[in-house]
Amino acid sequence: MKTVRAAAAAVSAAVLMSTCCVPVFASSPEFARTAEEWAALKDNKLEYREIGGLVEEYNPTVQQNQFSYRKFREDYGDTNDEWAEEYRRLANEIRDDIVEPDWGESNYATGMVAATTAEISARQLEQQADNTLEDSEILRLNYEMAKQVLVQTAQNNMITWHSQLLSIQNAEKAKRLAEVNLAAAQASANVGMGTQIQVLNAQQAVKNAEQTVISATSAADSTRRKLQVMLGWKADAEAEIGEIPEVDITRIDRMDPEADLAKALENNYTLRVNKKKLKNARNGTDVATLNSTIADNEARIAVSLRNAYQTAVNQKNAYLYNFANAQVTAQTAAQTAQRFGLGTASAVENESAQIAAEQAQIALKQSEYSLFQAMEAYDWSVNGLAAASAGA
């Protein structure tokens, strides 16, 4: 069982303060998943394909939303009419409790303020009853969308972390190259073929490279902590983070924004919410506004899907470029090593060529991650998260 998961509920948090050996509570009952599924979620390894389950069971925001959803249904019911009736009942209850003080009483001013405030609250509730378009299905859809956004965000964070690890490697290689150049500058200066300014510049380049390594390491650590907290671990835990699935470049060949648009419209959470509100609308103004909003949603979803597809295509092209570049730099490194062995290339030239080839491989792997992330983003757009409104 995991011993490092951070509890979302206050009671479990209190328990974890007293002992580090108690697993946190999941959102679902034990029978909701198979024993194998629970074992995979509760071990200390974070796999990409488990992120959806981890968010659903251990993310504190999702747990709070599930509690709020159940509580709201208990208090207000399911249908829009039930919600409106409950608002009116609360308004009447407030009015029944209003006590206006008699003129001349010592607490008259305070009492009148309290009575006026209560009356305002009652009127606001009545207005809410007249205007509300909500129901439990809309609430569920909004919470479901929030959960899926968290899943996508966690996936992005995991991809980013792996890319940042490569950035650390790249920075370390850049630092090694700066050190090689510094040694060369110092050697040239020692024999009168270089200047002290060149040495100082090379020294500064080494310091800059060292700072880049530190910054890259800090960024990766921050992303890791954020990812772990989102999925139920403590920030300072040491979860074993798995690899990103191997990229399948042929996925792009199966993408078709025109053909996939119908599914994207059907699945889109924002559009589904607004269509449900339209069914609950009671007056012409709300109906007209929602019809306009829905038309705007549909247009934006189509644009969002096309943009997601174009991004995937662009990332594919970048990946193919980096693939070709990695091959060229590898060939150059091999040729330079051969020339170095024959004495026709210097040690600095040889090491520079080898580092350039290694950095090209890093760039290729990072572009692979970016391509995978872009293809995942397209699928998320089809499956309900295409931007459907301004600012989304």
Side-chain angles (χ1 to χ4, degrees), residues 37 40 45-56 145 147-167 169-170 223 227 231 240-269 271 298 300-333 357-388 392:
E37 288 174 330
K45 187 166 186 178
L46 197 175
E47 297 282 10
Y48 185 86
R49 298 305 183 192
E50 294 174 357
I51 288 178
L54 290 169
V55 167
E56 185 172 355
M145 177 169 62
K147 181 179 72 174
Q148 299 301 348
V149 168
L150 286 168
V151 172
Q152 184 186 26
T153 301
Q155 290 176 343
N156 289 340
N157 285 341
M158 186 171 177
I159 295 169
T160 296
W161 180 75
H162 277 284
S163 185
Q164 287 171 333
L165 292 185
L166 293 173
S167 294
Q169 293 180 29
N170 191 62
T223 301
L227 175 63
L231 302 180
E240 180 184 352
I241 302 180
E243 295 298 321
I244 302 302
E246 185 175 352
V247 67
D248 175 12
I249 199 170
T250 64
R251 282 174 65 182
I252 293 181
D253 299 332
R254 299 188 292 273
M255 293 177 183
D256 185 343
E258 302 303 322
D260 292 337
L261 179 58
K263 186 176 180 181
L265 292 170
E266 178 184 358
N267 291 336
N268 189 267
Y269 288 101
L271 185 58
E298 291 173 342
R300 290 179 184 275
I301 291 167
V303 171
S304 178
L305 192 62
R306 286 195 297 271
N307 289 344
Y309 174 73
Q310 190 58 54
T311 298
V313 170
N314 292 343
Q315 291 298 338
K316 175 186 175 181
N317 292 335
Y319 172 78
L320 293 175
Y321 167 81
N322 282 298
F323 182 83
N325 184 61
Q327 289 183 315
V328 171
T329 54
Q331 185 178 12
T332 300
E358 292 167 355
Q359 289 181 315
Q361 288 295 328
I362 290 173
L364 174 60
K365 190 64 178 177
Q366 287 181 315
S367 67
E368 180 183 322
Y369 289 149
S370 296
L371 173 57
F372 178 79
Q373 187 172 9
M375 291 190 293
E376 291 284 270
Y378 179 86
D379 287 349
W380 277 115
S381 292
V382 173
N383 292 325
L385 295 186

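On a predicted model such as this, the values are computed, not experimentally measured, just so you know. The chain is numbered in sequence order, starting from 1.
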Donor-acceptor check, side chain of N157 to backbone of T223, threshold 3.5 angstrom: yes or no? no
Can a donor-acceptor pair be found, under 3.5 Å and without considering hydrogens, that links the side chain of N325 to the backbone of A360? no
So, Y309 and D260: side-chain donor and acceptor under 3.5 Å apart, yes or no? no
One should read off an interatomic distance between Q359 CD and I362 CD1, to the nearest 0.5 angstrom, of 6.5 Å
Give the minimum heavy-atom separation between A312 and I252, together with the two atoms involved. O-CD1, 3.4 Å
Minimum heavy-atom separation for Y269 and N383, please, with both atom names. CE1-O, 4.2 Å
Taking atom CD of E50 and atom CD of E56, what is their separation to the nearest 0.5 Å? 13.5 Å
Tell me whether E47 contacts the main-chain N or O of G242 through its side chain, where contact means a donor paired with an acceptor under 3.5 Å. no
N/O donor-acceptor pair under 3.5 Å between S304 side chain and A386 backbone: no
Taking 4.0 angstrom as the limit, do K263 and E266 come out as a salt bridge? no
Which atom of I249 lies closest to which atom of L320, heavy atoms considered: CD1-CD2, 4.1 Å
Are M375 and M255 side-chain neighbours, meaning at least one heavy-atom pair lies under 4.5 Å? yes
For Y48, look at atom OH and say whether over 12 heavy atoms of other residues, nucleotides or ligands are found less than 6.0 Å away. yes
Below 4.5 Å, heavy atoms only, C-beta onward: do H162 and Q366 meet side chain to side chain? no
Rounded to the nearest 0.5 Å, what separation is found between the CD atom of Q164 and the CD1 atom of I159? 12.0 Å
Within the 3.5 Å criterion, strictly below it, is a donor on T160 or Q373 matched to an acceptor on the partner's side chain? no
Treating N268 as the side-chain partner and A264 as the backbone partner, does any N or O pair qualify as donor plus acceptor under 3.5 Å? no
CA sep, side-chain torsions, deciding dist, call: Q152, N156, side chain to side chain contact (heavy atoms under 4.5 Å, CB included): CA-CA 6 Å; Q152 184 186 26; N156 289 340; 3.9 Å; yes
Looking at V247, I244, L166, which hits side-chain contact (heavy atoms from CB on, under 4.5 Å) with K365? L166
At their closest point, which heavy atom of Y378 faces which heavy atom of P257, and how far apart are they? OH-N, 3.3 Å
Just by distance, no angles: are the side chains of N314 and Q310 close enough, under 3.5 Å, to form a donor-acceptor pair? yes
Do the non-hydrogen side-chain atoms of T250 and R254 ever get within less than 4.5 Å of each other? yes
Here the gap from T153 atom OG1 to I51 atom CD1, rounded to the nearest 0.5 Å, amounts to 10.5 Å
Interatomic distance, CD@E258 vs CG@L305, rounded to 0.5 Å, equals 8.5 Å
Closest non-hydrogen contact found for M145 with L385 is CG-CD2, 4.0 Å
Using every non-hydrogen atom in the two residues, find where D253 and K316 come nearest and quote the distance to one decimal. OD1-NZ, 4.0 Å
How many angstroms lie between CH2 in W161 and OH in Y369, if you round to the nearest 0.5 Å? 9.0 Å
Please examine the side chains of Q148 and V151, heavy atoms only from C-beta on, and report whether any two atoms are closer than 4.5 Å. yes
Is there a side chain to side chain contact (heavy atoms under 4.5 Å, CB included) between D256 and L261? Walk through the geometry before answering. CA-CA 8 Å; D256 185 343; L261 179 58; over 6 Å; no
Partner residues of R251 under the salt bridge (charged side-chain N to carboxylate O under 4.0 Å, His left out) criterion, sequence neighbours left out: E376, D379
